[in-house]
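A short write-up of the structure that comes next.
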Amino acid sequence: MTGGLGTTWDGAGASPQRLPSACARASLPKTMGKLVALTLLGAGLALIGERLMTLRERTNAYREVEPVEPQNCHLIEGLENGSEDIDILPSGLAFISSGLKYPGMPNFARDEPGQIFLMDLNEQNPRVQALNISDGFDKASFNPHGISTFIDKDQIVYLYVVNHPHMESTVEIFKFEEQQRFLVHLKTIKHELLISVNDIVVLGAEQFYATRDHYFTNFLVLLEMVMDLHWTYILFYSPREVKVVAKGFSSPNGITISPDKKYIYVADVLDKNIHVMKKHDNWDLTQLKVLRIRNALSEKPRISTEYANNGSMLQGSSVASVYQGKLLIGTVFHKALYCVL
Ligand SMILES: *[C@@H]1O[C@H](CO)[C@@H](O)[C@H](O)[C@H]1NC(C)=O
Ligand SMILES: *[C@@H]1O[C@H](CO)[C@@H](O)[C@H](O)[C@H]1NC(C)=O
Ligand SMILES: *[C@@H]1O[C@H](CO)[C@@H](O)[C@H](O)[C@H]1NC(C)=O
Ligand SMILES: [Ca+2]
Ligand SMILES: [Ca+2]
């Protein structure tokens, strides 16, 4: 057991002998019970202490950030209340989900519903524009999280959005009307396995993989993080079949597909790695390799750091997306950045 906590309960084991005998006889069972309880408490605390230290390391809570700030970066006007996920179409139109309300995360616009913004990266000075949503969809409880686009064979663009109305998890399907810059709500998908969904990647009409970022949805989530339970999974959803296709993750977050559609990449934020998984014909996923993002700032970095900031400019970044040398960086609850690389 670790340090200070260990000494508290090591000493306790020897003490019954030293108790005054009369008093000891009467209260020995009680004392023993207390000692056992104390021992267990001590052991528990020591374990939690050790786990908290690990968690502190895993979450980078006290990491010193060496700034990496390209010259051509500026904050995006009109995006101040989050931009948790960004998806860019091959045409250069970027969708940005904004206004996520999530337990344990700050939110600067508590009373305002979330929104989807559009940004045309082909423009010289791209600006964001909030997309209007068709009537009949409950906009007041819109709480958008991960997003993914899908273009069908008729070139119709669909935007799939992880939504947390009243802290539940649903997936909303919208049709994007490019001319009118408008989202037509088509369908809400709910399923008992779609819990704590963070992000999705659409594979076909109403077919997607979804990441579940926590196992518990109540206060036990703290225990889950502290004990590093690895109880979460990736789900495959289709109208005919819904199943867990990979499990044993700590906190899977962003998910995306390789350009050749053969591999799936999943970022596990607490494990600090990116899983590269092979997609099988039956939709199951198997682990191919795991890319550890460690020492990215060392002398021989295998992964380049395009941007790093200590919070003075951006806080809680959650996504980065590139289109023809233009980089967008989004955050869970804060501002967003546009860079020309
Ligand atoms: C962010 O939220 C705050 C608080 O509701 C609001 O005053 C502000 O206008 C919002 N900013 C943007 C860019 O939507
Ligand atoms: C979106 O809706 C608002 C209010 O209904 C309207 O003023 C605005 O023109 C609409 N914008 C677009 C692009 O349709
Ligand atoms: C963060 O970085 C900025 C410059 O990038 C610097 O001015 C500021 O002092 C730093 N803050 C902390 C808390 O390190
Ligand atoms: Ca996404
Ligand atoms: Ca995410």
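Note that ligands are numbered from 1 as they come in the structure, with each ligand's atoms numbered from 1 the same way.
Remark: minimum distance from atom 6 (C) of ligand 1 to any protein heavy atom is reached at Glu112 OE2, 4.1 Å. Taking atom 8 (C) of ligand 1 as the reference point, the nearest protein heavy-atom neighbour is Asn81 ND2, 3.9 Å. The shortest contact between atom 13 (C) of ligand 1 and any protein heavy atom is with Gly78 O, 3.4 Å. Of all protein heavy atoms, the one closest to atom 4 (C) of ligand 1 is Phe108 O, 3.0 Å. With respect to atom 9 (O) of ligand 1, the closest heavy atom belonging to the protein is Glu80 OE1, 4.8 Å.
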Check your understanding: Going through the distances and angles, do Ile264 and Ile255 end up as a side-chain contact (heavy atoms from CB on, under 4.5 Å)?
Key -> CA-CA 7 Å; Ile264 294 289; Ile255 182 165; 3.7 Å; yes

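Between the side chains of His145 and Asn143, no donor-acceptor pair is found at a separation under 3.5 Å.
Nearest N, O or S atom of Asp85 to the Ca ion (ligand 4): atom OD2. The Ca ion (ligand 5) lies closest to atom OE2 when only the N/O/S atoms of Glu84 are considered.
With a cut-off of 3.0 Å, the Ca ion (ligand 5) has no N, O or S atom of Thr211 in range. Checking Ser318 against the Ca ion (ligand 5), every N/O/S atom stays at or beyond the 3.0 Å cut-off. Not one N, O or S atom of Val319 sits under 3.0 Å from the Ca ion (ligand 4). For a distance bound of 3.0 Å, the N, O or S atoms of Asp199 include one lying that close to the Ca ion (ligand 4).
With respect to His275, the ring pair (Phe, Tyr, Trp, His ring centres under 6.0 Å) criterion is satisfied by exactly one of Phe249, Tyr263, Tyr265: Phe249.
For the pair Phe95 and Leu131, the minimum side-chain heavy-atom distance is below 4.5 Å.
With Ser169 contributing its side chain and Val197 its backbone, the two residues share a donor-acceptor pair below 3.5 Å. Here the side chain of Ser98 pairs a donor or acceptor atom with the backbone of Gly82 at under 3.5 angstrom.
Proximity of the aromatic rings of Phe333 and Tyr102 is defined here by a centroid distance below 6.0 angstrom, and this criterion is not met.
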